[in-house]
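This report concerns only the one structure given below.
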2 protein chains.
Amino acid sequence: MHCSDPYTTTLSFGPDGREVEVGLCMDITPAEPFRFDCGAAMETITLAYQTHGQLNAEKSNAILLCHGLTGDQYLTGPHPVTGKPGWWEDIVGPGCVFDTDRYFLITSNVMGGCMGSTGPKSTNPATGKPYGITFPVVTIGDMVRAQKLLVEALGIRQLFAVIGGSMGGMLALDWAVRYPDALYACVPLCTAARHSPQNIAFHEIGRQAVMADPGWQEGHYIERGRFPAKGLAVARMTAHVTYLSQIALQEKFGRRLQNKLALGYGFDIDFAVESYLHHQGKSFIERFDPNAYLYITRAMDYFDLERDFGGHLSRAFLGTSIRYCVISFTSDWLFPTEESRRLVRALNAVAANVSFAEIETDKGHDAFLLDVPAMHATLRGFLDGAAKAKGIL
Amino acid sequence: MHCSDPYTTTLSFGPDGREVEVGLCMDITPAEPFRFDCGAAMETITLAYQTHGQLNAEKSNAILLCHGLTGDQYLTGPHPVTGKPGWWEDIVGPGCVFDTDRYFLITSNVMGGCMGSTGPKSTNPATGKPYGITFPVVTIGDMVRAQKLLVEALGIRQLFAVIGGSMGGMLALDWAVRYPDALYACVPLCTAARHSPQNIAFHEIGRQAVMADPGWQEGHYIERGRFPAKGLAVARMTAHVTYLSQIALQEKFGRRLQNKLALGYGFDIDFAVESYLHHQGKSFIERFDPNAYLYITRAMDYFDLERDFGGHLSRAFLGTSIRYCVISFTSDWLFPTEESRRLVRALNAVAANVSFAEIETDKGHDAFLLDVPAMHATLRGFLDGAAKAKGIL
């Protein structure tokens, strides 16, 4: 394996294609070409990443934090495209849940993403043009195998923990199954061992919204100077509803009108919840690549550990010595607690070391990104116990 | 009020604009112009309707059945556009739940619809062109006031019952509040006294999908020979997911592949649930008017009996002598049982005659259109009891 020194690069974002510097990247050329599950291969892949804290002398204190569908390596901010804080910024730092005095944190934009890692927006060296829709369909397994190369490039043989919520939880599970000796602990939050048909349905709606937009140009919008902004916004709006709970929407917006005293009797925005969705759609198109959205949703749809192990999820974990902490949220209807229970039952069936916390919250699926003290306490306690057991000071 | 004799008419449907005869219509010219809640007025409105059974001599046995969002007057089929059975066909007939030997059934396409009643597809007499997006924004109240004119035109002073599911339930409730002497019994199924922010959000996504399609042409697709087929299909797909339950999707489709043995590693249909959604989208564009979809979803969003009565839902029903039977379904997450409970609490608070049935089913919101014996038994029993109390043989 050959790896480039870390470098920073610029990428274009949004319908107007403005250029933004996106931070650290590394080019990795494995001994054998990187082979995707779909059969395609690449000589060299690029991974964009961020680290926090210091790797200790034993290289035993590294935690890989895996982002969700539209997340990226910006665990802390300011995010170079949006200027906002990173997705777990509030719990990263000295003395925090993710204690940078104790742990070495790694986050990496997934393969197929659009924040610097190899993805559909990248240039195909064979054509000199963006891959677009000719990019190989990626899987959660592809993403994990790419992350493994990065972790090796950083000189780490065994991660202390792999942690992630939602799609990030799928990556954490795939790590545990694929590389059982390469991690000590695993924390899948609000996730599932296989993507449900309802979730596939919502993803397919999002993809159809993108592909229905004439700006999509059969995936070739970059070379043709177009952008499926409206379609991508509809996709994001749809997804966003699934991230919240009924109660959260009721408490946050109810039927409140947006800057008006009476119904408008038209099709402009009347309700605050509509305004919120429009805002979510609008800000998303400024930062995300439409093709990357297709690829990453597809990767989640394809995830199915049960199928990979002949219909017996427990077999995926046979002989595992990893310590697991499975976390779900009561009001999450995208990845309901039942999905976590299935996972815990499978782990119990092979006598794995597993704890399970169903956390009471009205915040829905998004809870993993929000200020939920019980989740933070659970993470902190589990990591502390596991760190002591492993001898990390 | 002047009413035309019933006549049948043809209308065009779908992207190819094929002509279909849609059955009985009546033109109604009230003494005063029909006034919409938004302030607009029309001299004459057209209502398309169907009846079953015979009106008795006392004119006391009429039941008005109110359809859901995309339903119509075709309680029984074959539907002239789709060729399929009507929406409650299975429970209409001699000896059935809706016993045509005993009751006179009326169904009517709502104002703002696209199956013959005045709506955005109708010709504006002032311009000779379709109203399109210049049609007045309709409300549930407008729909009900139009239905009242039809019921009067049929010579009926008091309906035995008004019954409807989903949006039809909103109409039933509006009837009870607006015309407390014009109905004896009221059955709102799987509905709510106000549309929730989550439901507004899903409707807004559907509208944005339609309006994002360049075929929508700012609402003028008919004159311009276009059709927002892809946008309307995405809207329908989104709505359709909300009509089913997680469990129903799991049982019906799971992660089964559609006519393939392995994942396709592409963006064509892989999963059966995707195929199902595509089919739902495709068949919907053949039968529904995109502008009508905007108008009717908006009418549901605007529905809020609580707001209409100063934030006190019970006041809406003060002094009511109507017999109510409120029905909900355990797995309905679009109109969860809690919405029905709120309604029942409000009715109890004014000592109304109300029964409440929460029916155990995995079929989700769509249960009201499906073969759910407990629902049918509840409807049959309530109607029978109310009919006896009213002296209908």
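Below, chains carry the letters A, B, ... as their sequence lines are ordered, and counting in each starts from 1. These numbers come from the heavy atoms of this one structure, side chains and all, not from hydrogens, waters or symmetry mates.
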Handout entry: Which atoms of B:Thr297 approach chain A - backbone, side chain, both or neither, heavy atom under 4.5 Å
Key = neither
Fill in the blank from the handout: So, the part of A:Phe271 with a heavy atom under 4.5 Å from chain B: the answer is side chain
Practice task
Measure B:Pro336 against the heavy atoms of chain A and call it side chain, backbone, both or neither at under 4.5 Å.
Solution key: side chain
Problem - Region of B:Tyr295 in contact with chain A, defined by heavy-atom distances below 4.5 Å - result: both
Handout entry: Most contacts with chain B, counted as non-hydrogen pairs under 4.5 angstrom, among A:Ile200, A:Val241, A:Asp213
Key = A:Ile200
Exercise for the section: Any chance you could measure B:Ile133, atom CD1, to A:Phe267, atom CZ, to the nearest 0.5 Å? Expected result: 5.0 Å
Practice task
Give, as side chain, backbone, both or neither, the part of A:Ser245 having an atom under 4.5 angstrom from any heavy atom of chain B.
Solution key: backbone
Problem - Distance (rounded to the nearest 0.5 Å) between A:Asp270 CG and B:Arg298 CZ - result: 4.5 Å
Handout entry: Closest-packed option against chain B by number of heavy-atom pairs under 4.5 Å, given A:Tyr302, A:Phe253, A:Tyr276, A:Phe36
Key = A:Tyr302
Exercise for the section: Rounded to the nearest 0.5 Å, what's the gap from CD on B:Gln246 to CD on A:Glu339? Could you check? Expected result: 7.0 Å
Problem - Heavy-atom neighbours of A:Lys260 NZ exceed 12 at 6.0 Å - result: yes
Problem - Polar side chain donor-acceptor pair, A:Tyr265 to B:Asp37, under 3.5 angstrom - result: no
Problem - Contact winner vs chain B - A:Leu263, A:Leu277, A:Val273, heavy-atom pairs under 4.5 Å - result: A:Leu263
Handout entry: Interface moiety of B:Ile205 toward chain A, non-hydrogen atoms closer than 4.5 Å
Key = both
Completion exercise
If you tally heavy-atom pairs under 4.5 Å between each of A:Glu306, A:His278, A:Glu338 and chain B, the highest tally belongs to A:His278
Practice task
Determine, step by step, whether B:Lys230 and A:Gln208 satisfy the side chain to side chain contact (heavy atoms under 4.5 Å, CB included) criterion, reporting the C-alpha distance in whole Å, the side-chain angles of both residues, the deciding distance to 0.1 Å, and the verdict.
Solution key: CA-CA 8 Å; B:Lys230 288 182 176 179; A:Gln208 288 299 318; over 6 Å; no
Fill in the blank from the handout: Honestly, the part of B:His195 sitting under 4.5 Å from a heavy atom of chain A is both
Problem - Option that, when pairs with chain A are counted at under 4.5 Å, heavy atom only, ranks first among B:Cys38, B:Ala235, B:Ala248, B:Ala212 - result: B:Cys38
Completion exercise
Counting heavy-atom pairs under 4.5 Å with chain B, the top scorer among A:Ala229, A:Ala209, A:Gly254 is A:Gly254
Practice task
Working to the nearest 0.5 Å, report the span between CD of A:Glu274 and CZ of B:Arg207.
Solution key: 5.5 Å
Handout entry: Residue B:Arg307 versus chain A: region with a heavy atom under 4.5 Å
Key = side chain
Exercise for the section: Pick whichever of A:Arg255, A:Met237, A:Gln198 has the most heavy-atom pairs under 4.5 Å with chain B. Expected result: A:Arg255
